[in-house]
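First up is the structure itself, then whatever we jot down about it.
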Amino acid sequence: MPELPEVETVRRTLAAEVVGRTFRGVTVRRRDVIATELDPAGGFSRVRGGAELVTPRPARVPKAALLVGDRVVDVLRRGKQLAMVGASGRAVAVHLGMSGQLLVAGAGERLKEASWGDAHDHVVWRLDDGGRLVFRDPRRFGGLKTSPSVEHLRNERWSALGPDALEATCEGLQERAGASARAVKAVLLDQTVLAGVGNIYADEALFRARVNPARLARELDREAWARLALHVRGVLVEAIRAGGSTLRDYTDARGHAGTFKASHAVYGRGGEPCLACGAVLESALLAQRTTVWCHACQPLR
DNA sequence: CTTATGACCTGATAGC
DNA sequence: TGCTATCAGGTCATAA
């Protein structure tokens with residue numbers, strides 16, 4: 001579900017609610033959404049596939065690893081990942097996957113109920129002001145990863161991520177992907193090249209940059225990379241201002257939807273007219289993802 | 001090493 | 001109404 005603008009919006013709304021608060025307790029309803037530094041076989045790094053590869057029964061998660069007894073001093077983001085940092089120095093990284101949410105309810109408020117009830121409320125924290133924080137994720141593509149320090153978070157959890165997409169540069173993109181034989185759209189989705197762009201903003205940035213998504217990265221000239229870097233940053237900044245794109249489920253930590261969907265030029269508009277030239281927008285699978293572009297504004301050449 | 005592909009999950013919706 | 005097929009904002013392991 002969430003790409004950089006949605007995650008950044010969650011970061012801001014979550015920070016406003018939890019920074020300065022102390023976690024008084026936590027209930028873990030699904031252990032397997034959590035990976036700890038001692039037991040990496042949990043959370044979104046858990047082993048998937050054949051039954052013979054199923055991991056041994058995971059150990060209990062120490063409450064301190066989930067920041068219980070800790071005052072929250074910061075909420076960080078890199079690409080699509082978040083992390084809450086405690087005064088102890090410990091950190092809990094959160095990846096929202098496709099359907100994950102972090103939601104806060106103030107003292108006396110009920111947590112916003114999903115249509116399926118609380119069946120997918122996997123981790124619930126109690127705050128010292130009587131509030132609650134829940135990690136909810138029906139599809140379970142997301143999860144939590146604990147770290148003993150921010151240094152460990154950056155060096156182990158986030159080390160494989162490329163630079164944050166808000167810092168995209170022509171030089172950086174060219175250096176990391178300029179020789180690649182892949183389609184430029186696949187490169188933009190690769191979190192080791194650039195962290196934070198997903199299917200919506202890849203298509204939107206390619207449209208703004210007038211680059212065809214199927215063009216091979218190694219065929220792009222410097223001007224094309226420069227336009228891409230500029231428009232990746234531009235569309236992400238605009239989307240953050242709008243609180244992100246709510247297609248169906250996404251909300252910030254207070255349950256509010258984002259409004260950037262109304263500004264999508266191509267995503268979700270296959271078969272409709274191009275807003276720039278009126279041509280019918282194309283839609284096809286590329287890099288396993290539905291991709292929409294304008295054949296006139298974004299020529300293959 | 002690089003690149004492509006199917007797998008991992010559940011819920012909403014469209015079509016019969 | 002009720003069933004089935006398809007699709008979804010993202011990674012991840014494995015194979016070529």
Side-chain angles (χ1 to χ4, degrees), chain A residues 1-10 30 32-33 35 40-55 78-82 93-102 113-122 136-145 157-158 160-162 165 176-205 214 216-218 235-236 239-240 242-252 257-261 264 266-268 270 283-292:
Chain A
M1 156 191 14
E3 304 181 33
L4 187 151
E6 292 75 38
V7 177
E8 174 61 16
T9 303
V10 171
R30 268 201 85 113
D32 64 1
V33 303
F44 45 91
S45 70
R46 64 190 175 275
V47 176
R48 310 182 189 274
E52 63 279 6
L53 290 179
V54 164
T55 51
R78 170 89 168 265
K80 303 173 190 173
Q81 301 210 25
L82 286 171
V94 183
H95 194 279
L96 299 175
M98 287 283 267
S99 59
Q101 289 188 296
L102 284 169
E113 184 127 339
S115 57
W116 54 81
D118 66 356
H120 303 298
D121 287 4
H122 307 310
R136 174 180 293 172
D137 185 10
R139 291 178 75 179
R140 274 177 286 128
F141 289 176
L144 314 182
K145 283 188 178 184
R157 301 306 197 196
W158 290 355
L161 296 176
R176 286 170 167 272
S180 173
R182 301 148 84 194
V184 59
K185 164 138 181 191
V187 157
L188 290 180
L189 293 175
D190 184 339
Q191 302 300 296
T192 69
V193 171
L194 191 64
V197 174
N199 204 33
I200 297 174
Y201 300 104
D203 280 8
E204 294 297 320
L216 300 189
R218 66 179 179 209
V235 73
L236 296 176
I240 291 168
S245 300
T246 296
L247 305 183
R248 182 192 290 152
D249 301 320
Y250 163 76
T251 70
D252 68 21
T259 61
F260 195 70
K261 182 183 175 194
H264 293 174
V266 285
Y267 180 87
S283 179
L285 268 193
L286 180 54
Q288 326 274 77
R289 319 296 297 278
T290 299
T291 300
V292 183

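Naming convention: chains lettered A, B, ... in sequence-line order (proteins, then strands); numbering from 1 in each chain.
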Those residues that, when tested against A:Glu204, pass salt bridge (charged side-chain N to carboxylate O under 4.0 Å, His left out) (two or more places apart):
none
So, is A:Ser99 close to the B:dG11 phosphate, meaning a side-chain N or O under 4.0 Å from OP1 or OP2?
no
Check A:His122 against A:Ala119 and note the closest heavy-atom contact, atom names and distance.
CE1-O, 4.4 Å
Could one point to a donor on the side chain of A:Gln288 or the base of B:dG6 with an acceptor on the other under 3.5 Å away?
yes
Give the nucleotide from the list B:dC8, C:dG9, B:dT10 with an atom nearest to the side chain of A:Asp249.
C:dG9
Could you measure between the two P atoms, the one in B:dG6 and the one in C:dT6, and give it in whole Å?
15 Å
C:dC12 C1' sits how many Å from A:Gln81 CD, rounded?
13 Å
Roughly how far apart are A:Gln81 CD and A:Gln191 CD, rounded to 0.5 Å?
8.5 Å
Report the residues that fulfil side-chain contact (heavy atoms from CB on, under 4.5 Å) with A:Thr9, sequence neighbours left out, ordered by chain and then residue number.
A:Tyr250, A:Asp252
Please list, by residue number, the residues of residues 179-189 of chain A whose heavy atoms come closer than 4.0 Å to an atom of DNA chain B; answer none if no residue qualifies.
A:Ser180, A:Ala181, A:Arg182
Could you give the CG-to-P distance, from A:Asp32 to B:dT10, as a whole number of Å?
11 Å
Rounded to whole Å, how long is the line connecting atom CZ of A:Arg78 with atom P of C:dT11?
13 Å
Under 4.0 Å, heavy atoms only, any strand: does A:Tyr201 hit a base, just the sugar-phosphate, or nothing?
nothing
List the residues meeting salt bridge (charged side-chain N to carboxylate O under 4.0 Å, His left out) with A:Arg136, not counting sequence neighbours, and say none if there are none.
A:Asp121
Residue-phosphate contact under 4.0 Å: A:His120 side-chain N/O, B:dC9 OP1/OP2
no
For A:His264, the ring-ring contact (aromatic ring centres under 6.0 Å, His included) test, sequence neighbours excluded, returns A:Phe260, A:Tyr267
Rounded to whole angstrom, note down the C1' distance from B:dA12 over to C:dT11.
22 Å
Just the rounded figure in Å: distance from P of C:dT11 to CD of A:Gln191.
4 Å
Scan for salt bridge (Lys or Arg N to Asp or Glu O under 4.0 Å) pairs involving residues 190-199 of chain A, sequence neighbours excluded, and state none if there are none.
A:Arg182-A:Asp190
What is the distance, rounded to the nearest whole Å, between atom CG of A:Asp137 and atom C1' of C:dG10?
11 Å
Atom CG of A:Leu82 and atom C1' of C:dG10: how far apart are they, to the nearest Å?
15 Å
Identify, with sequence neighbours excluded, every residue that meets side chain to side chain donor-acceptor pair (under 3.5 Å) alongside A:Arg30.
A:Asp32
Sequence neighbours excluded, which residues qualify as salt bridge (charged side-chain N to carboxylate O under 4.0 Å, His left out) partners of A:Lys185?
A:Asp203
Paired and unpaired positions of DNA chain B as dot-bracket, Watson-Crick or G-U wobble under 3.5 Å, | denoting a partner strand:
.|||||||.|||||||
Test side-chain contact (heavy atoms from CB on, under 4.5 Å) applied to A:Ala177 - qualifying residues, sequence neighbours left out
A:Val187, A:Val193, A:Trp225
What one-letter contact string describes nucleotides 2-7 of chain C from 5' to 3', where B marks a base within less than 4.0 Å of any protein heavy atom, S marks contact via sugar-phosphate atoms alone, and - marks no contact?
------
Does A:Lys80 put a side-chain nitrogen or oxygen below 4.0 Å from OP1 or OP2 of C:dT11?
yes
Given C:dA8, B:dA12, C:dT11, identify the nucleotide with an atom nearest to the side chain of A:Arg139.
C:dA8
Residues which pass salt bridge (charged side-chain N to carboxylate O under 4.0 Å, His left out) with A:Arg218, listed by chain and number, not counting sequence neighbours
none
Take atom CG of A:Leu286 and atom C1' of B:dT3, then tell me their distance rounded to the nearest Å.
13 Å
When you check the phosphate oxygens OP1 and OP2 of C:dG9, does a side-chain N or O of A:Arg289 lie under 4.0 Å from one of them?
yes
Stacking of A:Phe141 on B:dC8 base (centres under 5.5 Å, planes under 30°):
yes
On a heavy-atom basis, the closest approach of A:Leu96 and A:Pro2 is CB-CG, 3.4 Å
Between C:dG9, C:dG10, B:dT10, which one does the side chain of A:His95 approach most closely?
C:dG10
Would you kindly give the CE-to-C1' distance between A:Met98 and C:dG9, to the nearest whole Å?
5 Å
Write down the distance separating the P atoms in B:dC9 and C:dT14, rounded off to the nearest Å.
15 Å
Do you know which two heavy atoms are closest between A:Ala195 and A:Leu4, and how far apart they sit?
O-CD1, 3.9 Å
Quick note, A:Arg140 side chain, CB onward, closest among B:dT10, C:dG9, C:dT11 is B:dT10
